Amino acid sequence: FVMSFVDQPNSFDFSIKVWAQRPALATYSKFTGSNTIEYNPPIPSSGDFVAGTSSVITGGTYHFTNFTAKNMASVTFKGDVIVYVDKSVSYAGTTAMKVAPDSSVVFYHGGDSFSLTGGGVINETQEPSKFRILTQATNVKFSGNSEFHGCVYAPKASLDPSGTTDIFGSFVAREIKIVGTAVFHYDEALSRQSPDSMKRLKKVSWRQLSVAQAIATLKAVKVATPTN
């Protein structure tokens, strides 16, 4: 696919590079500029959060120093939840993180490392606006084997979502790479629902290409080719 964006209100240099790989269509997009996320936890930190085998976080605002889940750990969010994390987010549990029906989750992350791997995220609402990540991290890892419904705002990071399933929602990052068999679906309703900090980039055009069309586009424009 080909995307173009306009920044509001500041200006960004935005370029997009598209090429075809067999069997998938790979897309790189990149913008440069000064953009930060306001990180102001309203409550003191309660220390580190370490998930158990079936942790449940209910509606409210939480502030942790680190947020960790691994091995057989799992986390389910019920109600409207806001989570602030100062340093590291590392979710590597084999069981997916879950957002329960009629619930929503917003992660505000002030650290440099955000890793959401393992079982991934199951957003049972299937509404991307109900699971949002806003992070200042430059190191963001994102993968899973479940359909992802959510929004990731990581303006300083190189984002490389991997997996074999479809992605519904939006990604904003310094650099985005989508490869493999996953298919990305942008939800246009997000431009009306997202918080102000996620509206700094506005989609002004979108064109879905087949592999044949992408090859024809590459022949018509000068683009960078991927390196190993």
Side-chain angles (χ1 to χ4, degrees), residues 1 3 5 24-27 29 37 51 54-60 62 67 69 73-85 89-109 114-135 137 140-155 157-173 176-203 206 208:
F1 51 84
M3 296 180 290
F5 294 86
L25 178 70
T27 300
S29 61
I37 295 170
S54 56
S55 297
V56 176
I57 297 179
T58 57
Y62 300 84
F67 188 100
S74 68
V75 179
T76 299
F77 296 95
K78 293 183 177 181
D80 296 324
V81 179
I82 298 175
V83 180
Y84 291 85
V85 181
V89 175
S90 178
Y91 190 93
T94 56
T95 303
M97 179 185 292
K98 291 185 179 180
V99 181
D102 299 319
S103 301
S104 66
V105 181
V106 182
F107 270 95
Y108 290 98
H109 178 228
F114 194 107
S115 178
L116 183 56
T117 58
V121 178
I122 295 177
N123 181 351
E124 294 182 345
T125 72
Q126 294 193 339
E127 296 181 41
S129 63
K130 299 298 185 182
F131 182 78
R132 301 199 301 267
I133 298 169
L134 296 91
T135 175
V140 176
K141 294 180 181 180
F142 177 82
S143 66
N145 295 317
S146 303
E147 283 187 354
F148 178 79
H149 298 259
C151 310
V152 179
Y153 189 78
S158 294
L159 185 61
D160 186 358
S162 60
T164 58
T165 189
D166 289 358
I167 300 167
F168 299 83
S170 67
F171 289 151
V172 175
I176 304 173
K177 177 183 178 183
I178 301 177
V179 297
T181 58
V183 178
F184 181 83
H185 309 267
Y186 174 69
D187 185 349
E188 294 185 356
L190 293 172
S191 64
R192 299 183 295 273
Q193 299 173 352
S194 299
D196 290 341
S197 58
M198 299 184 75
K199 292 181 180 178
R200 295 183 64 83
L201 290 176
K202 178 182 178 182
K203 180 175 71 67
W206 177 283
Q208 187 77 31

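Quantities reported herein were computed from a predicted structural model and do not represent experimental measurements. All values below come from the heavy atoms of this structure, side chains included, with hydrogens, waters and symmetry mates left out.
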* To do: Using ring-ring contact (aromatic ring centres under 6.0 Å, His included) as the criterion, point out the one residue from Phe114, Phe148, Tyr91 that pairs with Phe142.
  => Phe148

* Grab the two heavy atoms, one from Ser54 and one from Ser74, that are nearest each other, plus how far apart they are. => CA-OG, 3.5 Å

* Looking at CD1 of Ile167 and NE2 of His185, how far apart are the two atoms once the value is rounded to the nearest 0.5 Å? -> 8.5 Å

* To do: Would you give the length of the straight line joining atom CZ of Phe107 to atom OG1 of Thr135, rounded to the nearest 0.5 angstrom?
  => 10.5 Å

* To do: Please report the C-alpha distance between Thr125 and Asp102 in whole Å, then the side-chain angles of each, then the deciding distance to 0.1 Å, and finally whether the side chain to side chain contact (heavy atoms under 4.5 Å, CB included) criterion is met.
  => CA-CA 7 Å; Thr125 72; Asp102 299 319; over 6 Å; no

* **Nearest non-hydrogen partners of Ala173 and Ala157, listed with the distance** => CB-O, 3.3 Å

* State, to 0.1 Å, how close Ala100 and Glu124 come at their nearest heavy-atom pair, and which atoms those are. => CA-OE1, 3.8 Å

* To do: Check whether any side-chain heavy atom of Val152 sits under 4.5 Å from a side-chain heavy atom of Val172, and report yes or no.
  => no

* Measuring from Phe131:CZ to Met97:CE, what's the distance to the nearest 0.5 Å? -> 5.5 Å

* Asked: Under 3.5 Å, side chain of Ser103 to main-chain N/O of Pro101, donor-acceptor pair present?
  -> yes

* Asked: With Ser55, which residues qualify under side chain to side chain donor-acceptor pair (under 3.5 Å), at least two apart?
  -> none

* **Gap between atom OH of Tyr62 and atom CZ of Phe67 - 0.5 Å precision** => 10.5 Å

Tell me which donor-acceptor pairs under 3.5 Å the side chains of residues 76-84 have, and how far apart each pair is, sequence neighbours excluded?
residue: Asp80; atom: OD1; partner: Ser104; partner atom: OG; Å: 2.8

* Considering all heavy atoms, the nearest Val140-Ala154 contact -> CG2-CB, 4.3 Å

* Pairwise distance CD1(Ile133) to CG(Leu159) - rounded to 0.5 angstrom -> 9.0 Å

* Kindly compute the distance separating SG (Cys151) from NZ (Lys130), expressed to the nearest 0.5 Å. => 11.0 Å

* Would you check if the side chain of Asn123 reaches a backbone N or O of His149 as a donor-acceptor pair within less than 3.5 Å? => yes

* Kindly give the heavy-atom pair with the smallest separation between Gln126 and Pro128, and that separation in Å. => O-CD, 3.7 Å

* List for me each residue that meets side chain to side chain donor-acceptor pair (under 3.5 Å) alongside Thr117, sequence neighbours excluded, and say none if there are none. => none

